[in-house]
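Right, one structure below, let's go through it.
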Amino acid sequence: MEEIDEILRFCAEHAGADPATLRLKYLPQKERLGFDVDLAITQLECRRKAAAKLRDFLAANPRWIFPGTLQAEQASGDITARFHASLVAEGDKVLDITCGLGIDDRYIADRCSSLITCEIALRSAALADENFRRSGADNIRVVCGDSMQYLAETGEHFDTIFADPARRDSAGRRVFAFEDCSPDIVAGISLLRSRCRRLIVKGSPMMDISAVERQLPYLSHIYVVSVRNECREIVCICEFPQATADVAELKAAESAGEGPTFHALNFLDINTVQTLSGPLHAPRQPEPLLDSPQRICEGLFLAIPNASILKSGRTDLLQRSFTAPRLDANTNIYLFEDEPKDFPGRVFRIENVYTLHDRRLKALKGEKCNILTRNFPLTPEQLKKRLRTADGTRSEYIIGATAAGKPLIIKARLL
């Protein structure tokens, strides 16, 4: 498309400009410019919005065109898109029923033999087709239309179907449950099952995992995915039986009562990930509890599991590798005498410990630190106001937590 070249040239010339100012200046002239200037300005907005999460992708694909800011907001980032692609077996025949910006598809295309991707919006489909062509992904075919209708009408069978349902309703409000997203995976599960061996579905981090279990048959894996300790998504994999032997094996696994395997992943960067995996419904392991708040003292270590582990609710599985007491039954912080190596979360070295009404707290006034609370009578904002601390550096923390039934304020350094 010649127009794409004009759009990219405009972006290069106005890379640092304010989009609102550009619209005031150029939209009245759009008829004589000869290209979609509004789409060009949208590229500047989208690139700024996605600069951090798509840094590597945009460096490798600088001519990628965004259909709109919503697609930039909802698209997978470098880290999560590479993870999604890793779930697809080499050489698979793949269908993506939710193309969108096409980031996932471009990564998946490097692993699969062929990929058909469906996009219901005409302009988004045309731009996706052009983006794939320019990036050299010649094994992707774009279908413009309703993906579930396409699936119902095609006679094709796929190794893997990938879905990232849109989490906005017709009024633009955010939704979380699969049945409220588009396409409705729950309503279409029988059709999906009849057309593939494996279904990979990306969902909101706000989803109820127990509800997902009830809605998706043959659920084999649930991934709770965080990036730098921010929970970003839940990814579900259904492995549909293809033969009688497969059905028997799956029924045997169900009767064992352990449910799907959950994986709590926290990506620290593109190459480093903290992991914790296990059967979701395995019998809970007893967790030792701190017997006295006096045990918390300078020089010891606190460890807080990452966001994915906390979302999974299976902190007890940490005891397989780490033996340490929780501060309290409702406080997901663990006390170590020695620094725990490779703990899947944040580790802090304790510098000082205070009671809630300790007079020594006055000395913290004006200190630069981050505030976090767990099972504590004050919110982080209330604690900050009470202590009169300032916004801090990356490593200095004040932690408010209940330990063995007693609220404590702990000054600590993030390692």
Side-chain angles (χ1 to χ4, degrees), residues 209 224 226 228-231 258 261-266 268 273-358 360-361 364 369-380 382-383 387 395-415:
I209 292 177
V224 183
S226 295
R228 300 178 188 93
N229 207 40
E230 179 183 342
C231 196
E258 294 193 340
T261 301
F262 88 90
H263 309 267
L265 308 182
N266 179 38
L268 303 180
V273 59
Q274 300 173 335
T275 64
L276 181 71
S277 299
L280 186 61
H281 298 307
R284 296 194 69 85
Q285 305 298 311
E287 293 188 81
L289 299 179
L290 188 69
D291 54 8
S292 170
Q294 278 72 40
R295 287 186 57 191
I296 302 176
C297 59
E298 180 184 353
L300 299 190
F301 300 86
L302 298 178
I304 303 178
N306 64 50
S308 290
I309 295 174
L310 295 176
K311 173 68 179 179
S312 75
R314 293 308 306 262
T315 56
D316 60 301
L317 294 180
L318 289 166
Q319 297 299 320
R320 296 181 305 184
S321 304
F322 304 93
T323 303
R326 289 169 67 117
L327 297 196
D328 195 82
N330 296 312
T331 307
N332 287 312
I333 303 179
Y334 298 80
L335 179 68
F336 289 85
E337 292 186 1
D338 300 308
E339 181 181 349
K341 301 298 182 183
D342 301 319
F343 184 87
R346 292 179 288 176
V347 176
F348 303 81
R349 181 183 176 88
I350 299 173
E351 296 182 342
N352 217 326
V353 184
Y354 310 86
T355 60
L356 195 56
H357 302 288
D358 198 317
R360 295 176 300 145
L361 288 173
L364 297 178
C369 57
N370 303 287
I371 306 282
L372 66 84
T373 60
R374 297 288 188 275
N375 186 25
F376 194 68
L378 301 176
T379 66
Q382 289 170 333
L383 183 56
L387 298 178
S395 59
E396 298 297 331
Y397 275 78
I398 297 293
I399 301 171
T402 297
K406 185 173 184 177
L408 295 179
I409 296 173
I410 303 166
K411 188 172 186 291
R413 176 181 289 272
L414 178 65
L415 300 180

Give, for atom [atom1] of [X] and atom [atom2] of [Y], the distance between the pair rounded to the nearest 0.5 Å.
{"X": "Ile350", "Y": "Lys411", "atom1": "CD1", "atom2": "NZ", "result": "12.5 Å"}
{"X": "Thr315", "Y": "Ile309", "atom1": "OG1", "atom2": "CD1", "result": "8.5 Å"}
{"X": "Ile399", "Y": "Ile304", "atom1": "CD1", "atom2": "CD1", "result": "5.0 Å"}
{"X": "Thr402", "Y": "Leu356", "atom1": "OG1", "atom2": "CG", "result": "9.0 Å"}
{"X": "Glu351", "Y": "Leu300", "atom1": "CD", "atom2": "CG", "result": "13.0 Å"}
{"X": "Phe262", "Y": "Lys311", "atom1": "CZ", "atom2": "NZ", "result": "13.0 Å"}

Exercise. Can Arg413 and Ser395 be counted as having a side-chain donor-acceptor contact under 3.5 angstrom?
Worked result: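 Yes, side-chain donor-acceptor contact under 3.5 Å.
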
Taking [X] for its side chain and [Y] for its backbone only, find out whether a donor-acceptor pair lies under 3.5 Å.
{"X": "Ser308", "Y": "Asn266", "result": "no"}
{"X": "Thr331", "Y": "Asn375", "result": "no"}
{"X": "Asn370", "Y": "Tyr397", "result": "no"}
{"X": "Thr373", "Y": "Gly400", "result": "no"}
{"X": "Asn306", "Y": "Arg346", "result": "no"}
{"X": "Gln319", "Y": "Pro286", "result": "no"}

Do you know the tightest heavy-atom contact between [X] and [Y]?
{"X": "Arg314", "Y": "Pro279", "answer": "NH1-O, 3.5 Å"}
{"X": "Asn229", "Y": "Ala307", "answer": "OD1-N, 2.8 Å"}
{"X": "Pro288", "Y": "Ala324", "answer": "CG-O, 3.6 Å"}
{"X": "Pro377", "Y": "Gln382", "answer": "O-OE1, 4.2 Å"}
{"X": "Cys369", "Y": "Ile398", "answer": "SG-CG1, 3.4 Å"}
{"X": "Thr275", "Y": "Pro344", "answer": "O-CB, 4.4 Å"}

For this session: Please work out whether the ring planes of Phe336 and Phe343 are parallel, tilted or perpendicular, with thresholds of 30° and 60°.
Result: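 Answer is perpendicular, since the angle exceeds 60°.
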
Problem set entry | Among Leu364, Leu408, Ile410, side chain to side chain contact (heavy atoms under 4.5 Å, CB included) partner for Tyr354 |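 Result: among Leu364, Leu408, Ile410, Leu364 is the only option passing the side chain to side chain contact (heavy atoms under 4.5 Å, CB included) with Tyr354.
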
For this session: Apply side chain to side chain donor-acceptor pair (under 3.5 Å) to Arg360 and list each qualifying residue two or more places apart in sequence or on a separate chain.
Result: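 Side chain to side chain donor-acceptor pair (under 3.5 Å) check on Arg360 returns Asn352, Asp358.
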
For this session: Go through the steps to decide whether Tyr334 and Phe322 satisfy the test ring pair (Phe, Tyr, Trp, His ring centres under 6.0 Å), and finish with yes or no.
Result: CA-CA 10 Å; Tyr334 298 80; Phe322 304 93; 9.2 Å; no

Exercise. Is the count of non-hydrogen atoms from other residues, nucleotides or ligands lying under 6.0 Å from Asp291 atom CG greater than 12?
Worked result: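 Counting neighbours around CG of Asp291, more than 12 heavy atoms of other residues, nucleotides or ligands fall under 6.0 Å, so yes.
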
For this session: Take Gln274 and Leu268 through the test side chain to side chain contact (heavy atoms under 4.5 Å, CB included) and record every step on the way to the result.
Result: CA-CA 7 Å; Gln274 300 173 335; Leu268 303 180; 4.0 Å; yes

For this session: Would you sort out whether Leu302 and Leu335 count as a side chain to side chain contact (heavy atoms under 4.5 Å, CB included), showing the intermediate values?
Result: CA-CA 5 Å; Leu302 298 178; Leu335 179 68; 3.8 Å; yes

Exercise. According to the ring pair (Phe, Tyr, Trp, His ring centres under 6.0 Å) rule, which pairs have a member within residues 291-313, sequence neighbours left out?
Worked result: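 Qualifying pairs: none.
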
Problem set entry | Pairs where residues 326-340 contributes a residue and the test salt bridge (charged side-chain N to carboxylate O under 4.0 Å, His left out) is met, not counting sequence neighbours |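 Non-adjacent pairs meeting salt bridge (charged side-chain N to carboxylate O under 4.0 Å, His left out): Glu287-Arg326, Glu339-Lys341.
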
